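One structure is given here, and the rest of the page talks about it.
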Amino acid sequence: MRVLGIETSCDETGVALYDTCGGLLAHRVHSQIDLHAAYGGVVPELASRDHIRCLPVLVRQTLEEAGCGLEAVDAVAYTVGPGLAGALLVGAGFAEALGTARGVPVLPIHHLEGHLLSPLLSGDPPAFPFVALLVSGGHTQLMRVGGVGDYALLGETLDDAAGEAFDKTAKLLGLGYPGGPQLARLAADGRPGRFALPRPMLRSPDLDFSFSGLKTAVVNVVSAPAWDPDDVADLAADFQEAVVEVLCAKSLRALAETALSQLVVAGGVGANRRLRARLDEAAAEKGWRVYYPEPELCTDNGAMIAFAGALRLSAGESVGRGGGAIRVRPRWALAELVPPRTG
Ligand code: KG4
Ligand code: ZN
């Protein structure tokens, strides 16, 4: 069975073709970074329009790369939420139309389900159950994953997401857009330990996070009379160290509390090298293992959506065949999901 995946929840247009026997056949991502850079953040209306422009092109390129035509598509999976309403509507409308034209099943997929199942696309995947740390621009959550659609929330951020904290701090430090990866690159050139930044909620007995105070602490450093802009790489390193330390500590606590030994890290911040190094080291000490998606599948993409759709279809989920009402879910908690509904 070949599933076409469509991702348009934010500022990346993603298309992929996943084969339940042959694996990922092809995938294409178009990033809108250049489009939004001048505004310092994603402009929803521009995002929607660019998804409309890019989707047909990416579908054609993906099918060409896979060496097949639309007639080879047995199902269409698309991101139905959470995300920007207009951007989601573009993907939903496209997928429903394609499903109707081809008479094939159409599956609405939760964006974060795509992210947390994406490490299963690698050559050496984890087995259920595992703990997932979802760290993106919009979310920071620890989940217990029992199987497809079996997600229990263990803890989450009470304010900013980890990626949002990276982006906002990067903006404060005058770095370009998008800030997270640039801040991480700068941090690699810095020496941590010079600035005493807080470790928010590190000692709280729960599995929740808070990152907005950390951003305020950085504001205080750069607005003090003693601030020397030449120290920006060291400050970036200390900021990264603070975020990474809290993410690590709570992830390890989640493993201990659930008595599980596998941690899956997903979402854009999962690309952070320092986070990976610290998690790998800490987990190895306990005999636990950390799994990551392939680097190109860490940020938003269509492959994770096609894959989640394929897993649900393979489990017998009953779905419509296009032509239904086009509805999206801009806000949607992952823990509300249920295992594939059959019959
Ligand atoms: O999952 P994603 O592509 O989009 C969603 O938010 O759904 O994640 C994007 C986020 C952004 O906040 C970006 O700054 C952050 O991931 N990010 C990073 C790194 N690469 C991406 N943050 C820290 N270090 C990185 N290397
Ligand atoms: Zn995402």
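Atoms within each ligand, like the ligands themselves, are counted from 1 in listed order. The structure presented is a predicted model; accordingly, all values stated were derived computationally and were not measured. All heavy atoms count here, side chains included; hydrogens, waters and symmetry mates do not.
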*If you measure from the Lys or Arg side-chain nitrogens to the Asp or Glu carboxylate oxygens, is any gap between R102 and E71 under 4.0 Å?*
no
*asked:* Nearest N/O/S atom of D300 with respect to the Zn ion (ligand 2), by atom name, please.
replied: OD1
_Does the Lys NZ or Arg CZ of R276 fall within the cation-pi geometry relative to Y292 - under 6.0 Å from the ring centre and within 45° of the axis?_
yes
*Rounded to the nearest 0.5 Å, what separation is found between the CE atom of M304 and the OH atom of Y18?*
15.0 Å
*Under 2.8 Å from the Zn ion (ligand 2), is there an N/O/S atom belonging to H111?*
yes
_With a 4.0 Å heavy-atom cut-off, what residues sit around ligand 1?_
H111, H115, S136, G137, G138, G163, F166, D167, G180, P181, A184, G267, G268, V269, A271, N272, T299, D300
_Under 2.8 Å from the Zn ion (ligand 2), is there any N, O or S atom belonging to C10?_
no
*Does E336 pair with R329 as a salt bridge, N-O distance under 4.0 Å?*
yes
*Hey, can you tell me if W332 and H110 have their rings parallel, tilted or perpendicular (30° and 60° cut-offs)?*
tilted
*Step-by-step side-chain contact (heavy atoms from CB on, under 4.5 Å) determination, L313 to M1*: CA-CA 9 Å; L313 272 178; M1 195 170 48; 3.7 Å; yes
*How are the rings of F209 and F211 set relative to one another: parallel (under 30°), tilted (30 to 60°) or perpendicular (over 60°)?*
parallel
